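The block underneath contains the structure these notes are about, expressed in structure tokens.
None of these values were measured; they are calculated from a predicted model. As a basis for the values below, the full set of heavy atoms in this structure was taken, side chains included, without hydrogen atoms, waters or symmetry mates. Indexing begins at 1, ligand by ligand and atom by atom, following the structure's order.
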Amino acid sequence: MDERTIQKLIEEAVKVLPNSYAPYSGIHVAAALITDKGNIYRGVNVENSSYGLTICAERSAVSAMVTAGERRPLAVAVVTDLEHPIPPCGACRQVIAEFNEEAEIIMYSVKSGERIIVNLRDLLPSPFKLRR
Ligand code: THU
């Protein structure tokens, strides 16, 4: 992914970070993904009193993409207000892999400015698959 797109995805995630609903953990996360059509979809974590119902930012963004009729994320930025960037949790890795096993994952901390970029293949080498 080119530097301009990486910066754009981080910016788009940072814009919605204040909308993160995280009254229980206090950990705010936002995600922005770009598809093969060049469109950007965003999501934030949405926590719940029944903790296990919490939805991560990455899965919110994938849902927004699918709702809009798209199927192919090329890169996903995950932005947090923690000191260090965080990788997608196992569930989110699997959900992103459903649509692109080799998506670029861009992790960024607004607190420290630290940035890490990895390929989903390295985070989840062997996703569960039913299709094909
Ligand atoms: N969280 C995400 O939004 N994405 C991840 O990949 C890891 C965790 C959220 C869920 C919860 O609201 C908070 O971070 C603490 O686990």
**OP:** Under 4.0 Å, heavy atoms only, figure out whether ligand 1 is touched by the backbone of P87, its side chain, both or neither.
**Re:** backbone
Nearest-neighbour protein heavy atom for [atom], which is reported as residue plus atom name and distance:
| atom | value |
| --- | --- |
| atom 9 (C) of ligand 1 | N45 ND2, 3.7 Å |
| atom 3 (O) of ligand 1 | A57 N, 3.0 Å |
| atom 10 (C) of ligand 1 | T54 CG2, 3.8 Å |
| atom 11 (C) of ligand 1 | E47 OE2, 3.3 Å |
| atom 15 (C) of ligand 1 | S25 OG, 3.7 Å |

Show which atoms of ligand 1 fall inside a sub-4.0 Å distance from at least one heavy-atom site of [X].
| X | result |
| --- | --- |
| C89 | 5 (C), 6 (O) |
| P88 | 6 (O) |
| E58 | 2 (C), 3 (O), 4 (N), 5 (C), 6 (O) |
| C56 | 1 (N), 2 (C), 3 (O), 4 (N), 5 (C), 8 (C) |

**OP:** Could you walk me through whether T80 and Y108 pass the side chain to side chain donor-acceptor pair (under 3.5 Å) test, one step at a time?
**Re:** CA-CA 7 Å; T80 172; Y108 180 76; over 6 Å; no
Original post:
So does R59 pair up with E98, basic N to acidic O under 4.0 Å?
Top reply: no
Subject >> CA sep, side-chain torsions, deciding dist, call: E83, S112, side chain to side chain donor-acceptor pair (under 3.5 Å) >> reply: CA-CA 6 Å; E83 183 69 33; S112 60; 4.8 Å; no
